[in-house]
> 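Can you keep this structure in mind? I'll have questions shortly.
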Amino acid sequence: MTSHRAALKRLNGQKKALEESVERLRLDLKKESGAVERKSVEVEKLRTLENELPVQLESTNKEIARLERQIAARQHTLTQQETAKRYKMNELNKGVQFYKKFLGLEFMRTADDQLRFIFTKVDMVNPERR
């Protein structure tokens, strides 16, 4: 009977060790299940983002195209304004040369940023006199 008791004691020890092992495995399984659940949620978020990205890309491309058209229009307007400015400056320079050649009127900017008018061809005896 002592051998039975020893075998029973040994079996109870093994049972206890197995129960502890099962409990550890359950805890590990619970931790792994939590990790799998978190990863599943993360994967779902990434799939949602993956579905949204083409829409965002298309929207961004449309915005880029709109801005490029706006830039082109502004460059065209700027070019037209520069052309008009050059034309006006050319016409003003022609006018200045006309007044200088035929009327003897010159314009001079002074050091204190004022405009000085110089008249010649006023005196018929000395037309170059200022």
Side-chain angles (χ1 to χ4, degrees):
M1 199 151 188
T2 48
S3 68
H4 288 299
R5 284 187 189 181
L8 187 59
K9 190 175 185 182
R10 189 173 26 98
L11 287 174
N12 280 336
Q14 288 176 350
K15 179 182 175 187
K16 186 176 180 181
L18 287 173
E19 286 172 348
E20 289 172 358
S21 178
V22 166
E23 187 60 31
R24 280 193 308 272
L25 288 172
R26 281 188 182 139
L27 289 173
D28 288 347
L29 180 62
K30 189 175 183 180
K31 287 179 187 176
E32 293 296 321
S33 294
V36 166
E37 183 63 31
R38 286 188 300 275
K39 292 296 181 184
S40 294
V41 169
E42 191 175 326
V43 165
E44 190 57 37
K45 286 179 183 177
L46 289 172
R47 283 189 179 137
T48 301
L49 181 61
E50 178 185 30
N51 292 333
E52 292 172 357
L53 285 176
V55 174
Q56 290 176 355
L57 178 63
E58 183 180 346
S59 174
T60 301
N61 285 338
K62 285 180 180 179
E63 180 66 13
I64 288 171
R66 184 188 69 77
L67 291 173
E68 286 174 343
R69 286 190 305 272
Q70 188 177 20
I71 288 170
R74 287 184 180 175
Q75 285 175 336
H76 179 69
T77 301
L78 181 62
T79 301
Q80 287 178 330
Q81 289 173 345
E82 287 174 349
T83 301
K85 179 183 167 186
R86 279 193 302 272
Y87 176 77
K88 186 173 183 176
M89 287 299 293
N90 188 33
E91 291 298 310
L92 288 172
N93 282 332
K94 284 180 186 178
V96 167
Q97 293 303 318
F98 175 81
Y99 283 110
K100 183 176 183 179
K101 182 176 179 181
F102 295 107
L103 301 176
L105 175 61
E106 289 185 55
F107 302 97
M108 179 184 288
R109 185 173 304 275
T110 62
D112 56 351
D113 208 27
Q114 292 184 355
L115 190 60
R116 175 182 283 175
F117 296 94
I118 303 169
F119 292 95
T120 58
K121 299 188 181 182
V122 176
D123 187 353
M124 293 191 78
V125 174
N126 187 2
E128 296 301 318
R129 188 180 74 124
R130 294 178 172 211

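Nothing here was measured: the structure is a model prediction, and the numbers come from that model. Residues take their numbers from the sequence shown, with the count starting at 1.
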> Drop me the distance from Q70's CD to Q75's CD, to the nearest 0.5 angstrom.
11.5 Å

> Do E19 and V22 have side chains that get closer than 4.5 Å, going by heavy atoms?
no

> Test side-chain contact (heavy atoms from CB on, under 4.5 Å) on I64 and E68 and set out the steps.
CA-CA 6 Å; I64 288 171; E68 286 174 343; 3.7 Å; yes

> Rounded at 0.5 Å granularity, tell me how far CG in D28 sits from CZ in R24.
8.5 Å

> Would one find more than 12 heavy atoms of other residues, nucleotides or ligands at under 6.0 Å from atom CZ of R47?
no

> Tell me if a side-chain donor or acceptor on S21 pairs with a main-chain N or O of A17 at a distance below 3.5 Å.
no

> Is there a donor-acceptor pair closer than 3.5 Å between any side-chain N or O of S59 and the backbone N or O of V55?
no

> What do the steps show when you test R66 against E63 for salt bridge (charged side-chain N to carboxylate O under 4.0 Å, His left out), and what is the final call?
CA-CA 5 Å; R66 184 188 69 77; E63 180 66 13; 2.5 Å; yes

> Using a 4.5 Å cut-off on heavy atoms from C-beta on, say whether the side chain of K16 contacts that of N12.
no

> Any chance you could measure L53, atom CG, to L46, atom CG, to the nearest 0.5 Å?
10.0 Å

> Looking at NE2 of H76 and CD of Q81, how far apart are the two atoms once the value is rounded to the nearest 0.5 Å?
10.5 Å

> Is any side-chain heavy atom of M89 closer than 4.5 Å to a side-chain heavy atom of R86?
no

> F117 and L103: same hydrophobic cluster, using ILVMFWY side-chain contacts below 4.5 Å?
yes

> Look up atom CG in L25 and atom CD in E32, then write down how far apart they are to the nearest 0.5 Å.
11.5 Å

> Could you measure the distance from the CZ atom of F119 to the CD atom of E106? Nearest 0.5 Å is fine.
11.0 Å

> Between K39 and E42, is there a side-chain heavy-atom distance shorter than 4.5 Å?
yes

> In plain terms, say whether K62 and E58 are close enough for a salt bridge, that is, a side-chain N and a carboxylate O under 4.0 Å apart.
yes

> Does a side-chain heavy-atom distance below 4.5 Å link K45 with V41?
yes

> Given the rule that I, L, V, M, F, W and Y join up when any side-chain heavy atoms are under 4.5 Å apart, are L115 and V96 in one cluster?
yes

> Set out, in order, the CA-CA distance, both residues' side-chain angles and the distance that settles side-chain contact (heavy atoms from CB on, under 4.5 Å) for K88 and K85, then state yes or no.
CA-CA 5 Å; K88 186 173 183 176; K85 179 183 167 186; 5.8 Å; no

